[in-house]
Colleague: 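Quick one: this structure, given as structure tokens, is what I'll be asking you about.
Predicted model only: the values in this text are computed from it and were never measured. In what follows, chains are A, B, ... by sequence order, proteins preceding strands, each numbered from 1.
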Amino acid sequence: MTRYNFKVIEKKWQNYWVENNSFKSVVDKNKKKFYSLEMFPYPSGKIHMGHVRNYTIGDVLARFKMMQGYNVLHPMGWDSFGMPAENAAKQNNLDPKKWTEKNIKTMRDQLKQLGLSIDWDKEISTCSPEYYKHEQAFFLELYDKGLVYRKENYVNWDPVDETVLANEQVIDGKGWRSGALVERKKLNQWFFNISKFSDELLEGLEALDEWPNKVKIMQKNWIGKSFGCELDFGIEGSLPVKNIKCFTTRPDTLFGCSFVAVSIDHPIAKFYENDKNFLAFKEECSKTGTTEESIAQAEKLGFPTSLMAINPLDPSIKVPVFFANFVLMDYGFGAIFGCPAHDQRDFDFAKKYNLNFISVIDPINEKDKIETNNKAYTGPGKIINSKFLNNLSAPDQSILEAIKILEEKKLGKKKINFRLKDWGVSRQRYWGCPIPIAYNDKNEIIKVPLEDLPVKLPENINLNTKGNPLDHQKDWFDIQINGEKCKRETDTLDTFVDSSWYFLRFCSNKNTKEGFDLDEIKYWMPVDQYIGGVEHAILHLLYSRFFMRAIKHERKEFINPEPFKGLFTQGMVCHETYKNKNDQWLSPDEIETNDKINYHLKGMPDEKVKVGPSESMSKSKKNTIDPEKIITNYGADAVRLFILSDSPPEKDVQWSDQGMLASYKFIQKFWLLHKKIISIILLKNENGDSKPIDSFTNIMIDKITKSIEKFHYNVLVANFHETYNYLNKEIEKPINYLSLSKNYKKILSIMHPVMPHLISECLVELEPKMSLEWPTADHKKILNKNINIVVQINGKKRTIINLGNEISENQLILKIKEEPLINKFIKNKKFKKTIYIKNKLINIII
RNA sequence: GCCCUCGUGGUGAAAUUGGUAGACACAACGGACUUAAAAUCCGUGCCUUUUUGGAGUGCCAGUUCGAGUCUGGCCGAGGGCACCA
């Protein structure tokens, strides 16, 4: 018998799908649509295993939905602007455009080899002027709507490279390349007013019931809504400062206030600009880092001012004002009041600077008192030491009451604060979408007229300049708008802007006039299932949700503002890591083993290799497996099968050569079984019991349909193995050939989405005319014979009895009494109670 | 520090959502076939003396006729916490 030749057969079907336009999607209002989308890749060079996993998961779903009769949109594109192209181009003296285009070609070919059900007519690339033209139009639309503005903002500035650094490019306060000390510098930058939609973005989460809870919680924390109030502290001192405005979520602890702390960037800092000690303190603070984590973990530091703050609720109480490293200017008003007894940060600060501790909440448990616990108490309790607030229950009642009183006395007012900041979209880079703005001689903002779009990036320019290469392109940035001499904006857009609307472009990628066609997005949107890595859980998804709302803003005819109805976040592909004796990373190709425990360098048994933990595949750790090699050796179906088989898709999966091989063997085994089944069908035997195979097939249809719908793809693969094991035995018995053929077709159909090439070939050998349809389970055909009932005595399993068909509880009990294994437990004993779960289990309490 | 998730054999994992714990696979071991190896097929897997039986889903309690699943506490691992995509 011939082996399954995946090389020939996979190519054959990939050609067939192209020739038959199998995946072409056209709006058809008579058909139910399904928009299946996986996060589009950055064209970094070649596809990696993470892509294989991502796109296989999506492909199984898309093919499943197609077979169920949905009109499926399943497109692919390229997130093709970004720093890697610019860096690679700089290093190798290339053109980022050519570099990117070459990568796209390679990766497109590789994706095609995977046999994905992509409608390639819908392909887009964000670095093409046809795409970014519309992005520029959107930018101007948002500008007109007041959702885009320019303001000064701090950036990480590398004074040697004269460039802005991303946070990750700052290592120990120094630039990653130059090693120069990074400065905080203020630059004029463009912002999207995402915070305008804070509340909407938060509330919208509740309706997203097909999103992982984890992602919703991350977004919720990111938006960070907090309820509290703003209040004014009167100030006494030698400086011309009358008051300081604070935000607090706990106005009910105001009588416990023993200091006021402000950010080092607070307006009052201007009075200390020439104070050497203050500048040293500022320097010290900048070492801490600005992430929430580092601020929370760092030692609380303060710098005293000469000011005293007056407690708004009791003017006789005056407390010192400090600069403090744990207060951020961009949250609230950059000022807080400290209540050491009931906030851990304030507690630490007060301890260090010997400030008062005043308990104003009496805890429910004695042991939680700060005197005994030596920790701030943040739990519920009763208000004490607070005059007119005393005896209120904290926090719920007391906060509301405190705000009410503060408002009545006109000392403060209720305020809802958000952590979410506006989205800075300016990047001082070449390889990004140009911002369609220019400035005239008076430095006024001049929009590039719509008819002049796209503002194309200049090509073939020198990238090895200091700072942003576009700043050196005089013949590009010097322009005239309406006869006025202007200079173009040389910043480009954050690449997150490109990806926050690409799913709309897929719906009408050929429309040259507009970014999308309203009719088409009304049909296709929202994306029914979005699949990608959890690393995009916050920014990309939040920005996309913002973009929909920004476009919808003041455009009433628009649609549901949620772009992604269902979201699935897949885990990473991991592999063991290897190092040589000099602690240099080794790739799996460089090593070998005789006993699968000890590894050594290939061909050098004495050169031992250190095996490290399994980590997500990355070029830097050299623990990658090249998908193209695997496809060449084992075929696309085998890789698809393996990448789904070992772990649930939302969890990380371990790459395993043995597992990969096993998947390949399964395909070969299945092919042999298929040949056997075809030859049995050709014998046209009309005898034999077809009920068992009917039953099995319908059970499997039911199981597999559910596994796909719930993304339990690893279970799906296990179901395939079960199916193989069953069929391999069952065909030894005589089966009516018509029944075998009918059931086998259904079995092949439900395996098709995972192994489309193999199964297509099997299907046409069974029936020459290719037809694909998802079968539905007929529950009537599922045999209820051989019901196994678990018999428990006092909750312990004692035996399983097998029944020919359903019987009543009383009959069952009679039968149990006859069972010898059970008899010894129950003889001479009265049944106190029996619990019977139909056809499953009986528990007898004695 | 704050927030979230997860702990099941040698390994990856299943478990109809409170009802037979370990499906399916990898690895290991034993056997068959073979001159031999590879490939393939069959079998084994905790404790106790075979059967009977017992223990068992990180640890300790609890709810329940019944807990991997629910509740509380503890221990351990991982992830998120502002512009790398």
Side-chain angles (χ1 to χ4, degrees), chain A residues 39 41-42 44 79 81-84 153 155-156 164-169 189 212-222 224 290-298 326 328 330-331 344-345 348 378 419-427 494-496 498-499 533-540 543 596 642 645-648 650-654 656-663 665-666 668-669 672 702-703 706 712 714-725 728 788-800 821 824 832-837 840-846:
Chain A
M39 290 179 184
Y42 179 81
S44 55
D79 186 15
F81 270 139
M83 268 171 43
N153 195 52
V155 292
N156 298 314
V164 176
L165 299 176
N167 275 349
E168 67 157 14
Q169 294 173 325
Q189 306 208 271
N213 216 18
K214 178 174 70 170
V215 174
K216 287 197 278 186
I217 288 166
M218 279 160 73
Q219 292 216 353
K220 197 178 158 200
N221 292 342
W222 191 265
T290 52
T291 68
E292 205 166 282
E293 187 200 0
S294 51
I295 288 166
Q297 305 258 44
F326 60 95
L328 294 173
D330 44 16
Y331 186 78
Q344 192 56 42
R345 287 172 312 182
D348 296 339
T378 55
R419 180 176 170 273
L420 182 66
K421 293 188 274 188
D422 277 342
W423 173 15
V425 294
S426 292
R427 294 294 121 99
D494 178 4
T495 56
F496 271 121
D498 310 340
S499 56
V534 71
E535 65 273 21
H536 292 292
I538 301 172
L539 297 182
H540 163 57
Y543 292 158
K596 285 171 187 153
F642 171 70
S645 67
D646 268 6
S647 295
E650 69 276 13
K651 283 179 62 175
D652 287 353
V653 65
Q654 231 63 248
S656 140
D657 291 336
Q658 283 92 348
M660 183 58 241
L661 189 63
S663 295
K665 282 180 189 167
F666 178 78
Q668 293 297 342
K669 263 167 37 174
L672 294 181
D702 192 47
K703 275 193 186 179
K706 283 181 182 149
H712 291 181
N714 54 328
V715 183
L716 175 73
V717 175
N719 291 335
F720 290 177
H721 285 280
E722 273 179 75
T723 304
Y724 170 86
N725 293 342
N728 206 28
N788 291 320
I789 296 203
V790 176
V791 182
Q792 295 183 338
I793 310 287
N794 292 337
K796 257 195 180 124
K797 183 180 109 184
R798 290 302 170 182
T799 191
I800 296 171
L821 285 176
K824 66 178 189 190
K832 276 191 200 147
K833 193 178 176 184
T834 58
I835 294 111
Y836 178 55
I837 312 293
K840 208 168 254 176
L841 174 142
I842 184 159
N843 190 5
I844 297 164
I845 312 304
I846 51 173

Colleague: According to a strict under-4.0 Å criterion, is A/K220 in side-chain N/O contact with OP1 or OP2 of B/G80?
Modeller: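 It does not, given that no N or O in the side chain of A/K220 lies less than 4.0 Å from OP1 or OP2 of B/G80.
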
Colleague: Between A/I789 and A/I837, does a side chain to side chain contact (heavy atoms under 4.5 Å, CB included) hold up when you go through it step by step?
Modeller: CA-CA 9 Å; A/I789 296 203; A/I837 312 293; over 6 Å; no

Colleague: What is the glycosidic conformation of B/U17: syn, defined as within 90° of 0, or anti?
Modeller: syn

Colleague: Round to the nearest Å and state the distance from A/D498 atom CG to B/C84 atom P.
Modeller: 15 Å

Colleague: When you measure from the side chain of A/V715, which nucleotide among B/G80, B/A85, B/A15 comes out closest?
Modeller: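 Output: B/A15.
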
Colleague: Expressed as a whole number of angstroms, how long is the span from A/Q668:CD to B/A39:C1'?
Modeller: 12 Å

Colleague: Where are the stems of RNA chain B, defined as at least 3 consecutive Watson-Crick or wobble G-U pairs with both distances under 3.5 Å?
Modeller: B:1-7 with B:75-81, B:10-12 with B:24-26, B:28-32 with B:40-44, B:58-62 with B:70-74

Colleague: Is the base of B/C26 touched by the side chain of A/Q658 through a donor-acceptor pair closer than 3.5 angstrom?
Modeller: no

Colleague: Under 4.0 Å, heavy atoms only, any strand: does A/D79 hit a base, just the sugar-phosphate, or nothing?
Modeller: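 If one applies the 4.0 Å heavy-atom cut-off, A/D79 turns out to touch the sugar-phosphate alone, with no base involved.
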
Colleague: Determine the minimum heavy-atom distance between A/G224 and A/Y331, stating which atoms define it.
Modeller: O-OH, 4.5 Å

Colleague: For A/L539 and B/C81, what is the distance between atoms CG and C1' respectively, to the nearest whole Å?
Modeller: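 After rounding, the reported distance stands at 12 Å.
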
Colleague: Looking at every heavy atom in both A/G424 and A/D494, which two are closest together, and how far apart are they?
Modeller: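 Distance-wise, the nearest heavy atoms are O-OD2, 4.3 Å.
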
Colleague: To the nearest Å, give me how far apart CD (A/E722) and P (B/A15) are.
Modeller: 12 Å

Colleague: Are any of the side-chain heavy atoms of A/K706 and A/H712 separated by less than 4.5 Å?
Modeller: no

Colleague: Without swapping roles, check the side chain of A/Q219 against the backbone of A/A537 for a donor-acceptor pair under 3.5 Å.
Modeller: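 Yes, because the side chain of A/Q219 sits within donor-acceptor range (under 3.5 Å) of the backbone of A/A537.
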
Colleague: To check you understand the geometry: which heavy-atom pair defines the closest contact between A/K703 and A/E722, and what is its length?
Modeller: NZ-OE1, 3.4 Å

Colleague: For the P atoms, the ones on B/A27 and on B/C65, what distance do you get once it is rounded to whole angstrom?
Modeller: 46 Å

Colleague: Using the side-chain heavy atoms of A/Q297, tell me which of these nucleotides is nearest: B/A23, B/G1, B/C81.
Modeller: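 Closest nucleotide among those given: B/G1.
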
Colleague: Please report the closest heavy-atom contact between A/Y42 and A/P84, naming both atoms and the distance.
Modeller: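 It is OH-CB, 3.4 Å.
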
Colleague: Which whole number of Å gives the distance between the P atom of B/U57 and that of B/G68?
Modeller: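 It works out to 7 Å between them.
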
Colleague: Rounded off to whole Å, could you give me the CD-to-P distance for the A/Q344 and B/C3 pair?
Modeller: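 Taking atom P of B/C3 as the reference, CD of A/Q344 is at 13 Å.
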
Colleague: Provide the distance between the two C1' atoms, one in B/A25 and one in B/C33, to the nearest whole Å.
Modeller: 25 Å

Colleague: Distance check, P atoms only: B/U8 and B/C3, in whole angstrom units.
Modeller: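 Each nucleotide's P atom is 25 Å from the other's.
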
Colleague: Which protein N or O atoms sit under 3.5 Å from an N or O of nucleotides 9-13 of chain B?
Modeller:
from  : atom 1 : to     : atom 2 : distance (Å)
B/G12 : O2'    : A/D646 : O      : 2.9
B/G12 : O2'    : A/S647 : OG     : 3.0
B/A13 : OP1    : A/K651 : NZ     : 3.2
B/A13 : O3'    : A/N714 : ND2    : 3.3

Colleague: If you assign A/K214 and A/M218 each to the RNA chain B nucleotide with the nearest heavy atom, which residue ends up on the more 5' nucleotide?
Modeller: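 It is A/K214 whose nearest nucleotide is closer to the 5' end.
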
Colleague: So, OP1 or OP2 of B/G54: does either fall under 4.0 Å of a side-chain N or O from A/R798?
Modeller: yes

Colleague: Should A/P648 and A/N714 count as side-chain neighbours, where that means a heavy-atom distance under 4.5 Å?
Modeller: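 Yes - at least one pair of side-chain heavy atoms lies under 4.5 Å apart.
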
Colleague: Which part of the nucleic acid, if any, lies within contact of A/R345, taking any heavy atom under 4.0 Å across all strands shown: a base, the sugar-phosphate backbone alone, or nothing?
Modeller: nothing

Colleague: Quick test of your reading of the model: are A/R419 and A/E292 salt-bridged, counting only N-O distances below 4.0 Å?
Modeller: yes

Colleague: Could you measure between the two P atoms, the one in B/G78 and the one in B/A13, and give it in whole Å?
Modeller: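 It comes out at 15 Å once rounded to the nearest Å.
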
Colleague: For A/N728 and for A/I217, locate the closest nucleotide of RNA chain B by heavy-atom distance; then report the residue assigned to the nucleotide nearer the 5' terminus.
Modeller: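 Nearest nucleotide further toward 5': that of A/I217.
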
Colleague: Between B/A37 and B/A32, how far apart are the two P atoms, rounded to whole Å?
Modeller: 11 Å

Colleague: Which nucleotides of nucleotides 16-21 of chain B have their base under 4.0 Å from a protein heavy atom (B), which only their sugar-phosphate (S), and which neither (-), written as one string 5' to 3'?
Modeller: B--BBS

Colleague: Give the nucleotide from the list B/A82, B/C3, B/A85 with an atom nearest to the side chain of A/W222.
Modeller: B/A82

Colleague: What is the distance, to the nearest angstrom, from the CG atom on A/N725 to the C1' atom on B/C42?
Modeller: 13 Å

Colleague: What is the separation between atom OH on A/Y331 and atom P on B/C2, rounded to the nearest whole Å?
Modeller: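 Between P of B/C2 and OH of A/Y331: 17 Å.
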
Colleague: Can you tell me, in whole Å, how much space there is between the P of B/A14 and that of B/C24?
Modeller: 14 Å

Colleague: I would like to know whether A/L328 and A/I295 meet side chain to side chain contact (heavy atoms under 4.5 Å, CB included); could you show each step before the answer?
Modeller: CA-CA 10 Å; A/L328 294 173; A/I295 288 166; 3.6 Å; yes

Colleague: Pick one for B/G9: is it syn, with its angle within 90° of 0, or anti?
Modeller: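 Here B/G9 takes the syn form, which means its glycosidic angle is within 90° of 0.
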
Colleague: If you count heavy atoms of other groups shown closer than 6.0 angstrom to NZ of A/K669, is the number above 12?
Modeller: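 Check passes, neighbour count above 12.
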
Colleague: Take atom NZ of A/K214 as the centre, draw a 6.0 Å sphere, and report whether it contains more than 12 heavy atoms from other residues, nucleotides or ligands.
Modeller: no

Colleague: Report the distance from atom CG of A/N221 to atom C1' of B/U5, rounded to the nearest whole Å.
Modeller: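 Rounded to whole Å, this separation is 13 Å.
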
Colleague: Please state the C1' separation for the pair B/U20 and B/U69 - nearest whole angstrom.
Modeller: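 It works out to 15 Å between them.
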
